[in-house]
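Along the sequence shown, the residues carry numbers beginning at 1.
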Amino acid sequence: MIDEFEDEKFHLPPHTHKYYEIIYIKKCNGIHHLNNNLLPHKSGDLYLISPEDKHYINIKKSTRFFTLSLPITILIRNKT
């Protein structure tokens with residue numbers, strides 16, 4: 001699933017996923033909390049979030065995101 005949105009305050013609490021997520025920051029100012037690491041983010045940054053990574057985005061200025069959610073099964077090669 002592909003999504004695009006803009007937030008002035010991140011709409012989710014710290015959370016994990018059961019899938020991979022690619023996050024592209026189109027415009028922003030803030031801090032990405034990823035597995036107890038604080039990562040300042042800026043326009044053009046790209047993140048790959050693995051299943052069970054705990055993350056949250058602290059937005060300091062309106063931020064536009066593109067996200068792509070990838071089920072784990074898409075990334076597992078069929079060995080038959």
(message) When you compare the side chain of Tyr20 with that of Ser50, does any pair of heavy atoms fall below 4.5 Å?
(response) yes

(request) Describe, in one word, how the ring planes of Phe10 and Tyr56 are oriented to each other, choosing from parallel (under 30°), tilted (30 to 60°) and perpendicular (over 60°). (result) perpendicular

(message) Ring-plane angle category for His17 and Tyr19, please: parallel below 30°, perpendicular beyond 60°, tilted otherwise.
(response) tilted

(message) My understanding is that only residues two or more places apart in sequence, or in another chain, count here; which of them pass side chain to side chain donor-acceptor pair (under 3.5 Å) with Glu8?
(response) none

(request) Report the distance from atom CD1 of Ile23 to atom OG1 of Thr63, rounding to the nearest 0.5 Å. (result) 11.5 Å

(request) Check the angle between the aromatic planes of His32 and Tyr47 and answer parallel, tilted or perpendicular using the 30° and 60° thresholds. (result) perpendicular

(message) If I take atom CG from residue Asp45 and atom SG from residue Cys28, how far apart are they, to the nearest 0.5 angstrom?
(response) 6.5 Å

(request) May I ask whether Leu34 and Ile22 are part of the same hydrophobic cluster, defined by side-chain heavy atoms of I, L, V, M, F, W, Y residues being less than 4.5 angstrom apart, directly or through others? (result) no

(message) For the aromatic rings, using the six-membered ring if either is Trp, is the centroid distance between His55 and His33 under 6.0 Å?
(response) no

(request) Please name all residues satisfying side-chain contact (heavy atoms from CB on, under 4.5 Å) with Asn35, sequence neighbours left out, ordered by chain then number. (result) Asn37, Asp53, Lys54

(message) Please enumerate all residues that pass salt bridge (charged side-chain N to carboxylate O under 4.0 Å, His left out) together with Lys61, with sequence neighbours excluded.
(response) none

(message) When you group the ILVMFWY residues by side-chain heavy-atom contacts below 4.5 Å and let the links chain together, are Leu46 and Ile25 in the same group?
(response) no

(request) With sequence neighbours excluded, tell me which residues meet side-chain contact (heavy atoms from CB on, under 4.5 Å) with His11. (result) Phe5, Asp7

(message) Applying a strict under-4.5 Å side-chain criterion to I, L, V, M, F, W and Y, I'd like to know whether Phe65 and Leu39 cluster together.
(response) yes

(message) Quick check on the hydrophobic clustering: are Tyr24 and Met1 connected, directly or via other members, by side-chain heavy-atom contacts under 4.5 Å?
(response) no

(message) Just to verify, what does Ile2 make a side-chain contact (heavy atoms from CB on, under 4.5 Å) with, not counting sequence neighbours?
(response) Leu68

(request) Just grab all the salt bridge (charged side-chain N to carboxylate O under 4.0 Å, His left out) pairs involving residues 14-40, residues at least two apart or on different chains. (result) Glu6-Lys27, Lys18-Glu52

